[in-house]
Structure formats: C-alpha cells, structure tokens
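Take a look at the structure below.
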Amino acid sequence: MTHSAPPTPATEPAHHRKPKSGYKSRNWLHRFDNKRVPYLMISPFFLLFALFGLFPIVFNGIVAMRNWRLDDPALDGWAGFANFERLLHDEDFWNALVNTFGIFVLSTVPQLLIALMVANLLNRRLRANSFWRVGVLLPYVTPVVASTLVFAIIFARDNGMANWLLSLVGFGQDAPLDWRAYKWSSWIAIATMVNWKWIGYNALLYLSAMQSIPKDVYEAAAVDGAGPWRQLWRITVPMIQPVLIFTVVLSTIGGLQLFNEPMLFEENPAAASGGSDHQWQTIAQLIYKVGWKDLNLGYAAAMSWALFLIILIVAALNAVATNRLGGGRR
Amino acid sequence: MERFAKRGVALVAAGLAGTLALAGCSGESLEGGGDKAAQGQTTLTVNFWGDMGLDALKAAYEKDHPNVKIVLNSGEYNAQHEDLQKKLVAGTGAPDISAVDEGFMVQFRGQADKFVNLLDKGAASYEAKYLPWKWAQSKSADGASQIGLGTDVGGLAMCYRSDLFKKAGLPTERDAVSALWPTWDEFIATGTKYTKATGKKFVDSGTNLFNPVLAQQPVGFYDTSEQLQMEGGPKVAFDVSMKAIDAGISANLASFQPNWDQGFKKDQFAVLACPAWMLGHIQETAPDQKGKWDIAAIPGGGGNWGGSWWTIPKQGKNVDEAYKFVEWMIQPAQQIEVFKTVGNLPSQPALYKDPAVLDYKKEFMSNAPTGQIYAATAEALKPQYLGKKNGPTRVEVENVITRVQQGSLKSSAAWPEAVKAAEKAANS
C-alpha cells in the first residue's frame, strides 16, 4: 500500500540528515518509528481492555467452573460443568430468558422504528432545528434512576397516571389494573421506559447518517414519482444500513442485559425477584439475585457466561437479518 | 540587576508561603487539643438501617472523645447486609462497625473468622447481662467466637389507630382492644366488623400478618438441623394470612415500600403488627399522627420479630476504638436513651426492671407504657431458630402471598405454591 509506506527522506526535516556513517542507526530508528510506535500508541486501549475486559471474562469463566458459595466457604474446588448443567434444568433461568426476550422485542422493535421516523422528520427543513435535535436527546441524558422512579409512579396501581388514562377511555374504573401483577402488563411498562430513553439517542444516530445522503438522489427519486414513504424505505434505509446494523447490535446487547429498569420497577428493589411470580425478572436480575442474595457466585458466573454466549449469537443473527432486510449490499 | 531583583522577590514569596503553611499547621494542631491530636483523629464508620437512635449518642460520644469522629451511615435493610457481605469477600471497604439483624446473623456468624472475636476484647463479662438466647445467637457454631453484642430485641404487640377505631364504633381503650382479639380468628372477625362499618381496609398487608404469626411458632421455616419445615409454623402463619385476605380486610400494600408509607398517611389501614422497633418507623413516617396510635396486645401472645447486634469486621483499621464505642453503646444509660428516642427494646433483661424503662410512657403512642408492654413480651419469649436460608425463604413465601393479594393466584391454590417456592429458596 503506497500511502502507508515510509516517508521519503526528502520530506524529513533537514536536521535529521546526517553523514552516511549514521545511516544504519537512523534506519533502525526510522523503522522503529514506523513499525512499532503505532502499536505503542494503540496499546493503552488493548492493555486496558485486557485488564478490565478480557481478564474478567476469562476469570468469570474459571469461576463458573468452580463451587464458590459465600455462605459456605468450606465448599470450594472444581465443579466442572455442574453449574452449566444445573442451568439447563433451572426453570428460573428459562423464565428469565423468556422475560428478557419478551421485553427485548417489545422495546427494540418499536424503539428503532420510531427512531427512524423521528430521524426522518428531523432531516427535513424545520424551524429551530437544533432545539428539536437536542430535545430528542433529553431522555437519554436523564439519569435512568430518576426517569424510572417517575415511571414507577406512572404505572402505580392506585392513583397511577397510566391507569388514569385508561379510565378516561373506560377501562378499569372499578378495579384498576395492577401493572406489576401480570407478565404482559409489566413487560409493556418496562418496555415503555426503555423506549422512552433510547428513541432519541437512536434517532440522532440515524439523522447523522441520513445527512450524508446526497440530496440529488431524493430529487431523482421524486422526479421518478416516489412518495416520501417510498423514499424512506427504498433510499434512506438502504443508504444508512451500516448505522442500522450498528444500532441493532447495540440495542441487542443493551436489551439482553436489561437490569436497571426492571430492578427499579419492583416495589422492593432489593429483592431482585422481578415481581411476585418473577413476571419480569430478567437474566441480569437473576444473576444479581443468585450471586448476591443466594450467595452462589459460581452459579452466577455460569449464568453470566451463558448470557454472554446468547448475546453473541443473537447479535450476530440480528446483524445478518438487518443486512438482508436492507438488500444485502454488504 | 532587574533579573536578580525578580528572583529575590520570588524567594521571599516562597519563604513567606512556607512560613504561612507552617503556621497553619501548628495552628491546626493547637486547635485540635494537644496530645490527642498528635495521636491523630480516628474516624469510625457505623453502618445500620432505619433509625437506631444514634444521632444523640454520636454527639455525646464525640464530646467526651474529641479524638474520635463517628460517621453514621443508614441504608436500606437488605442492601446494608448485602453490602457487608460483599466487603467481607473483597477483604476491604467494610465499615468499622456494622449492625447485623437476626435475619442475617446465621449467615454472618458462619464467617466468624472475618469478624473481630469480641471475647478476645473482654466481652465475656457481658454474657450474664444478656438474654441467654440473644447471646447465643451471635456466637459461632464452635462457641469459640462471639461476633456481636446485642442491641435490641423485637418483642411483639399490635399498634392500632384509636381515632379510626372510634369512627368504626370499636372500643378505643388499650385493654378493651386487647380483649377483642385473644386469637387470630377473633382478630380477623374484628377486622371484618371494621371493614363493614367504614368501608376501609383493616390491616396493611397479608405479609405483615404472616411474619408475626410465624414468629409466635416454636419452629419457623427451618429446624436446628437446617431442614425446611413448611407444614409446621409456616402453614399456621400462611393460613392466618390467607384468611385475612379472603375476608377482604387487607389493604394489600407491600411493607416498607413507598405505597405502604403512603398508606399510613391516607389512613388505608387501622392496625399494624408492632415489634418494638416499628414504633420508630411509625413516628418517622407519619409524624402528624401523634396521639392517634396506641398499642394493644397481639393475638396469640409472645414472639420475636427482629433485633440486631453490633459487629466489628476484622478488616477495619480502628478495631480497638470501634470496640470501645460498641462497649459504650451497650451500657444501660445508652440503651435506655435509644429505647426512649426510637423505641428499640434493649436485650439486657436487667433493664426491664429499671424504672426508666418500666415507667416510660411513649407520648407519640398515646402515652402507652411501651416499657411494660415490650418487656413483658420479651421475657415471655421463646426464641425461634432462624436457618441460614431464612431471609430468601421468607422473601419467596411473601411473594406468593403478594400474588394472592394481586389476584393472580387463588388463596385455595396458594399453599402448594408457597411450599414449592420455599423449597426452591432452600435449595438455591
């Protein structure tokens, strides 16, 4: 590759030029400069990643293979795959998996679709452009603890705002809906919190990608008689496809690790049980409960490894699916 | 010349700054009070939950011990215990002194090697002063190590709103109220009458009936060999709770949660099972209901619910200072002070005979003689063994009760679910 070749001596500053006797050492320095220094420059990230990213993952894998109970320090040693085997028969785990995927679908799909619409609107000529653009990011800036506490009040059984709205259209006037009592209602409540927080964030990502699409493509399409809806699906979506895949992968990871919202939706957050019948207990919550309430760290580590694998698989599947959806250009 | 002059100015300035710094230092050490400050200030962090009446104690102790600074750190009940557990595992970060409740004591005394053995510090001399079971509960299994000094015990009584009782046409005087409900069945019957008369709910939550009834049973969730015993005590308690929910007298509020606190203010219930430490909570949650609350006997007699110890994690740097403070806190004068401010009943029976306790009347609770009421239940109390998994098991069974209250589970089908949930917790 020509552009990564070492610079020619002519471009070097004059004082680097030395008599021929020093050429060899200079050459060494020069090669070091070109071959090693880039690695040195990017190494801090990888060192930090190894320390705070890779090491915990590997160590977690080791813990997952061991017995480690805080309330029974005498019980330690190699457990082999016993923790993973237990996982397969643990109905709590499967229940949490179903919950996680249910909430994930309820939050990710509307979230990305609405974000796309919002971005499309923001991409037009609007008055007070930056006001709207900054505005959609506000939910993202709000601390999740604060916003979730507000939502917990909205979805309260007695005197909750959601129930008040429902009563306006004639639902549940005598017996208000207990949002925490059922799977479907608790999932909707939690997905609403997630959607509210992330729609603006994704919309801005889409917007930035949309702005790089040349205007004449739209003009040509308009001349050919394509309406705004058709333009969105036939031009915009395929053209911002890399960003689409990025957001899908990102929200897959976020959605499957969902913790804060379900945790704070609980009446007693410290219980981490995800409702009286684990209606909305997510895997991340279950890991917390197994580790710090049941004090079974080995089993909790096995669960987090399983979650890690599930996320890898789902993220890959989603990326492939999104790629297909956008016409399979990549 | 000019350059030299500048340098001179800089030198003088540096010297001045140095002198000032020195003066500052010496000034500070003089302020601190001579020798003690030279030894350095000791900061003791104390972790607990709710209100344990420590604010006044802290001020008094700091006044007498100018070299000690005490930092009070109150948090949520479960979170504080879990935090302590994490810090013990991590080997660092634990507070100098940590309160531990009876629900978690079995878990922590199993890790006695991570706590200071108070017997080494001379705590053996206090053994005779404590209720024998209270002393034994915080001892390690081999008996060689004592990890906690008792603060309070629960005892049980029933708090009631005399103003709401009056509106419902029920007696309001505490002996007459006690006579209404010698048994839990009669208690539920009274509740039904109240609900019929007022259209309001009688008790706060089914779980707050389950817990005191369970505390009255000779055996709780686990026997001393750590075997789950659901058919004994838990079944009795569960049935009472189901019966109350079916009778429609429960407001179905999750206790210690925001809705529950709202329930106090909105008069959503008229009675509340009241261990001694609950008095502090009522006072804190509904300060304007002063004089509207009173205390009657609980159906079914004695029983213990709650009660804590002070422990000193070994990893602390100020272990000796911490022990001195704990030792001071459990002296009669301080125990009585705590009893008067928040209502926590001491765990040293000699104090139950002390006029300061015996004659004490709690103004907030319509001048109820809290000393007499709780001392009597505490002395009559047969302690229950709480297994290692008591905490998580209780949470699981409470969840089943909540499902019945939410209407997603029928009370007739609830018991097998409770057994299943408890077994899961026992094997977790």
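Order of the sequence lines fixes the chain letters, A, B, ..., with proteins taken first and strands second; residue numbering starts at 1 for each chain.
A salt bridge does not link Lys243(B) with Asp239(B): none of the charged nitrogens is closer than 4.0 Å to a carboxylate oxygen.
The aromatic rings of Phe151(A) and Phe155(A) lie parallel to each other, their planes meeting at an angle below 30°, with 60° marking the opposite boundary.
For Gln268(B), the part lying under 4.5 angstrom from a heavy atom of chain A is the side chain only. Looking at Asn252(B), both its backbone and its side chain come within 4.5 Å of chain A, counting heavy atoms on both sides. For Arg180(A), the parts lying under 4.5 angstrom from a heavy atom of chain B are both the backbone and the side chain. Only the side chain of Asp92(A) has a heavy atom closer than 4.5 Å to any heavy atom of chain B. Contact annotation for Glu417(B): neither backbone nor side-chain heavy atoms come within less than 4.5 Å of a heavy atom of chain A. Contact of Tyr299(A) with chain B is not made at all, since no heavy-atom distance falls under 4.5 Å. Contact of Ile153(A) with chain B is not made at all, since no heavy-atom distance falls under 4.5 Å. Asp178(A) touches chain B through its side chain: at least one heavy atom from C-beta onward sits under 4.5 Å away, while N, CA, C and O do not.
Aromatic pair Tyr77(B)/Phe104(B): centroids less than 6.0 angstrom apart.
A donor-acceptor contact shorter than 3.5 Å is absent between the side chain of Gln111(A) and the backbone of Ser251(A).
Between Ser138(B) and Gln146(B), the closest side-chain pair of non-hydrogen atoms falls below 4.5 Å.
Chain B forms more heavy-atom pairs under 4.5 Å with one residue of Val290(A), Asn296(A), Leu297(A), Leu295(A) than with any other, namely Leu295(A). For the set Lys86(B), Lys388(B), Gln405(B), Glu82(B), the count of heavy-atom pairs under 4.5 angstrom toward chain A peaks at Lys86(B).
The shortest heavy-atom contact between Ala237(B) and Val213(B) is CA-CG1, 3.6 Å.
Atoms CD1 and CG, from Ile188(A) and Leu177(A) in turn, are 9.0 Å apart once rounded to the nearest 0.5 Å.
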